[in-house]
Number of protein chains: 2
Amino acid sequence: MTAVPEGGEPATDVSKADLVHRRLKEEIELGELAPGTPLPELWLVERMGASRTPVREALRRLATEGLVDLVPRQGARVSRVSLQSVRDLFDFRSLLEPAAMRQATEGAAADPQLRRAFATMRTEFARIQRRAPSPARARAFYELADRFDWAIIGATRNEHLRRAIAELRPHTARLRNLSHVDPQRVEVSVAEHLRMCDALLAGDADGAADALAGHLAQGLETIFRNLARGPGEGVDLLG
Amino acid sequence: MTAVPEGGEPATDVSKADLVHRRLKEEIELGELAPGTPLPELWLVERMGASRTPVREALRRLATEGLVDLVPRQGARVSRVSLQSVRDLFDFRSLLEPAAMRQATEGAAADPQLRRAFATMRTEFARIQRRAPSPARARAFYELADRFDWAIIGATRNEHLRRAIAELRPHTARLRNLSHVDPQRVEVSVAEHLRMCDALLAGDADGAADALAGHLAQGLETIFRNLARGPGEGVDLLG
DNA sequence: GTGCTCCATGCTGTATACAGTAACGCATAC
DNA sequence: GTATGCGTTACTGTATACAGCATGGAGCAC
């Protein structure tokens, strides 16, 4: 398992609630808190070194993000993952992200600085492609792919669309960390990212959107294969 | 102004936080709390008859829904509305809702009971179409259209999609209540809803999605015309 | 008259105490 | 041995007290 923490958001913890929220989110993403784990407030209080008020606020926020299930008068649990929920997630991403990619492509065509940023990432992808397979290379790829994804999100004009996609990322990250990463997958995925970069830099919005759609379809298939092989801890396969 | 409270959600206030959340949401939707209005916690405490804790939770929830802006160490305000935000909202709805309509169409084809519910609504739309124009008729239409929308949401299989659309509804309702309702619009809108019903009942997913897309385009145009005519209270036209 | 500084006020962010409820286990009756 | 009822426990939901920061105004210096 190649545990990759998401580094996309700036992580400006102005309040303790922010801090607890971010730390809990990371632990859920990384799978350290397995799906279904109960999250009593007092337990979090001593672990996080904060009082119940910020802990509560963090739990409520995680609940709206779908990472935590909140049962009235019973408490919080890490939300469970089912095959259906994985399918729903990828279907929804396939609806949103190509649209965002279109906006990012238009944005890059209009803004030279943004375009340069994507061009730089393209050369980085190409450099990774030439490297020999290794865990370090896989890590570098996932880190770069993550930056690429966040760049797309940042270049999305529509605020609703941007927020919706950003909210899905923890779910995606969690799946990646819960399922076993397939080394073969890196090879394919690098090529897909190069396709996306090329289309984006060429100003071909439709092409970029199509490439992303293909990438998502591949990703879903990979995750399903991996989940089917290794059951994964805490993953509810009944869904 | 035909103020139409949304009646779609079941309104099960199990906690005081739920109650405060629902009441505040209603007041913002109806425009009673104008965009930009400051919302000091203590003021809400005495108005809602609850302590600060549930009030805080309600404000946080409204903030994640985008109905309230939360400035650190400064407090909450009713979120402002700009022309850009209206455009963003409708663009996003145009992405999501046709997809939901497709799923609802498939659902109605598979589930006779669901199909009957939509068939009933179709006859109600037809009955409204035959009535002479009047405020009561407009109210009846909006109430029915609201039930129709919630039925579509309820018939949406994908949970992410369903949640995303449901979260947008308060924004839509607020726009409707902030802008002045055009009596002409009712006529057109009834016809559009009949088109949607017909396609849905015929199992024509593409047709239903197209009809909905057209409906949204019309709705956006109407709101822009109305906002341009009457400035509306608290609507920031600079966006 | 104008600008700056300092103080007072009001608000949020946090901690904590209290009440109420649901789940769990044990004891007892059958 | 099994089922049912009661008591205990642990947790959430709520209220409230306290600390710290930001804002606005008054007063003073220039």
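Naming: A, B, ... by sequence-line order, numbering from 1 per chain. Not measured: the values here are computed from a predicted model. No hydrogens, no waters, no symmetry mates; every other heavy atom, side chains included, goes into these values.
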Note, B/Met101 side chain near B/Glu97 side chain (heavy atom, < 4.5 Å)
no
Between [N] ([atom2]) and [X] ([atom1]): distance, integer Å:
X       : N      : atom1 : atom2 : answer
A/Glu57 : D/dT12 : CD    : C1'   : 17 Å
B/Leu19 : D/dG13 : CG    : P     : 15 Å
B/Arg52 : C/dT14 : CZ    : P     : 11 Å
A/Arg77 : D/dT12 : CZ    : P     : 11 Å
B/Leu42 : C/dC11 : CG    : C1'   : 8 Å
B/Trp43 : C/dT12 : CH2   : P     : 12 Å
B/Glu41 : D/dT14 : CD    : C1'   : 14 Å
A/Met48 : C/dA15 : CE    : C1'   : 18 Å

Roughly how far, to the nearest 0.5 Å, is the CG atom of B/Leu114 from the CG atom of B/Leu200?
8.0 Å
B/Thr53 side-chain N/O to D/dT14 phosphate OP1/OP2 under 4.0 Å
no
B/Arg56 side-chain N/O to C/dG13 phosphate OP1/OP2 under 4.0 Å
yes
Touch class at under 4.0 angstrom, heavy-atom based, for B/Arg60 against every strand present:
sugar-phosphate
Please determine whether side-chain contact (heavy atoms from CB on, under 4.5 Å) holds for the pair A/Leu24 and A/Leu67, giving the CA-CA distance in whole Å, both sets of side-chain angles, and the decisive distance to 0.1 Å.
CA-CA 10 Å; A/Leu24 262 180; A/Leu67 289 175; over 6 Å; no
Quick one about A/Ser15 and A/Asp18 (side-chain donor to acceptor, distance below 3.5 Å, no hydrogens or angles considered), yes or no?
yes
Starting the side chain at C-beta, find the nucleotide from D/dT14, D/dT12, C/dA23 nearest to A/Pro40.
D/dT12
C/dT21, D/dA15, C/dA15: which one has an atom nearest the side-chain heavy atoms of A/Arg73?
C/dT21
Less than 4.0 Å between a side-chain N and a carboxylate O, is that true for A/Lys25 and A/Glu29?
no
Judged by nearest nucleotide, the residue sitting upstream toward the 5' end of DNA chain C, B/Leu39 or A/Gln74, is B/Leu39
